[in-house]
Amino acid sequence: MKSRRPALMVHGIPTGDAEQRARLLKELGFDSVVAGLDRETMAAISAAGLSAFVCTGTFTVDPDRDPDLLAVDVDGQRRFWFGSGCPNQPALRSAHMSRVLEALSWPEVSGFYLDGIRFASPNAGLGEFLPCFCAVCESQARHMGFDFQRMRTHVQDFRHSVLEDSRGLERCSSPAGYAQVIAEQPGVADWLAFRAACIERYVGELAEIVANERGDKRLCAYLFTPSLSPLVGQNYARLERFLATISPMTYRMTGGDSVLGSEVGAMAGWSSGDATAVRAALRFTGLAAVSRARTMEGLRRGFSPSAVAREARLAAEATTAPHKIIPIITLRDARLHETVSRTLESGVGGVSFFAYQDGTEGFIRQAADAVVR
């Protein structure tokens, strides 16, 4: 039986001459491009014979205009993360659904990529990571059967005893230790489960609307890697039935949300930021096996291609259809060929790259050359 050809995707395309850039991608063997909500760009991508996907933010909010739509942390403070507000706010969901349906109404568009379909991550900051305890979330939690007050109280305790104390984080880095902490603070497990249930419910609603109104279009998503996704409300096994493609954001270097070193470094920095905290954060996320970092600077230098491959493999193992998994990796990478090769060896359906910008044509060619056809 002939093996499936790896899919080759890229996020972004320079808009100065999108038609020419799209033709180059097609010549190099790319299959799909993900870009913003711009119909001319979508048309240029499609005209080159590539699948065109739109991607926008999900729970996008203007914090100055709509402060009441922001998430609320465990102490009652409004928080703004990744350009986003509370994931349960009906107004933010409705606006996002409108963007999705607008994009999918264009014949040039093959599908929509969800980005920021989550709660805040550690890299956003400790306060930003601890929502959401707004009135809307309280109502939603009670409707789902969660004890909202216990969640709030135990998350407050968890912040002090674990997140702000490297010894507590170290305690949670073993299955037995984590089980003991959760036994003492079950509201923390409820909080994580609540976040995942909210994201699952919304993605399910989106998938139903897309199927009913745009049945020929595909709904896809960028998710955090399996080592980090439980922290932001993303459950691969529960989400895969709604999504045609899942792209774990396996960024081994550079800063920002979802980047392995950034997220681990943020957690280490909540306490001492010393070697003990760094190793505790690595163990807590399960990444100690693929990183020898002992300092914050070591984390900033990034992870190895083998760490990327491990996350890709975990994503494939977390689903029933590994071909749906198309990890997105950093395009500007001195070890690009090795990262691509190791990623494809993990049993995934292909690989995507972030991001195609002016000046990255050399990396684009390297990416194409690295994919075994």
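Source: prediction; values computed, not measured.
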In chain order, what residues pass the salt bridge (Lys or Arg N to Asp or Glu O under 4.0 Å) check against Arg93, with sequence neighbours excluded?
Glu205
What I'd like to find out is whether the side chain of Glu164 reaches to under 4.5 Å of the side chain of Leu126, using heavy atoms alone.
yes
Determine, step by step, whether Glu311 and Ser227 satisfy the side-chain hydrogen bond (donor to acceptor under 3.5 Å, both in side chains) criterion, reporting the C-alpha distance in whole Å, the side-chain angles of both residues, the deciding distance to 0.1 Å, and the verdict.
CA-CA 7 Å; Glu311 293 301 301; Ser227 290; 2.7 Å; yes
Over 60° means perpendicular and under 30° means parallel, so classify the ring planes of Phe129 and Trp191, tilted if in between.
perpendicular
Look at atom CD of Gln20 and say whether more than 12 heavy atoms of other residues, nucleotides or ligands are closer to it than 6.0 Å.
no
Heavy-atom closest pair, residues Asp68 and Arg78
O-NH1, 3.1 Å
Taking all non-hydrogen atoms of both residues, which atom of Val348 and which atom of Ala316 are closest, and how far apart?
CG1-CB, 4.3 Å
Name the one of Gln156, Arg159, Arg152 that satisfies side-chain contact (heavy atoms from CB on, under 4.5 Å) with Leu130?
Arg159
Decide yes or no on salt bridge (charged side-chain N to carboxylate O under 4.0 Å, His left out) for Glu361 and Arg21, but give the supporting numbers first.
CA-CA 9 Å; Glu361 286 77 10; Arg21 312 276 192 161; 2.3 Å; yes
Salt bridge (charged side-chain N to carboxylate O under 4.0 Å, His left out) between Asp257 and Arg118: does it pass, once the steps are laid out?
CA-CA 12 Å; Asp257 283 13; Arg118 58 181 176 87; 3.0 Å; yes
Just wondering, do Val210 and Phe112 contact through their side chains at under 4.5 Å, heavy atoms?
no
Can you confirm whether Arg300 sits close enough to Met253 that some side-chain heavy atom of one is under 4.5 Å from a side-chain heavy atom of the other?
no
Below 30° counts as parallel, above 60° as perpendicular, anything between as tilted: where do the rings of Phe30 and Phe353 land?
perpendicular
Please lay out, stage by stage, how Arg241 and Glu200 fare under the test salt bridge (charged side-chain N to carboxylate O under 4.0 Å, His left out).
CA-CA 10 Å; Arg241 61 193 172 116; Glu200 179 189 352; 3.0 Å; yes
Start with the C-alpha distance between Arg335 and Asp333, add both sets of side-chain angles, then the distance that settles salt bridge (charged side-chain N to carboxylate O under 4.0 Å, His left out), and finish with yes or no.
CA-CA 5 Å; Arg335 301 174 68 179; Asp333 186 350; over 6 Å; no
Do the rings of Phe146 and Phe194 sit parallel, tilted or perpendicular, given the 30° and 60° boundaries?
perpendicular
Tell me the closest heavy-atom pair linking Phe59 and Pro87, and the distance in Å.
CE2-O, 3.4 Å
Would you find more than 12 non-hydrogen atoms of other residues, nucleotides or ligands less than 6.0 Å from Arg365 atom CZ?
no
His154 and Gly187: which non-hydrogen atoms are nearest, and at how many Å?
ND1-N, 2.8 Å
Flag the pair Tyr202 / Thr58 as yes when at least one side-chain heavy-atom distance between them is below 4.5 Å, and no otherwise.
yes
Will you find, in the side chains of Thr276 and Glu170, an N or O donor that is under 3.5 Å from an N or O acceptor?
no
Would Thr285 and Glu263 count as a side-chain hydrogen bond (donor to acceptor under 3.5 Å, both in side chains) if you check the C-alpha gap in whole Å, the side-chain angles of each, and the deciding distance to 0.1 Å?
CA-CA 10 Å; Thr285 56; Glu263 299 293 352; over 6 Å; no
Within the 3.5 Å criterion, strictly below it, is a donor on Tyr113 or His11 matched to an acceptor on the partner's side chain?
no
Flag yes if more than 12 heavy atoms outside Arg167 fall under 6.0 Å of its CZ atom; otherwise flag no.
no
Using side-chain heavy atoms (C-beta onward) and a distance below 4.5 Å, is Val188 in contact with Asp157?
no
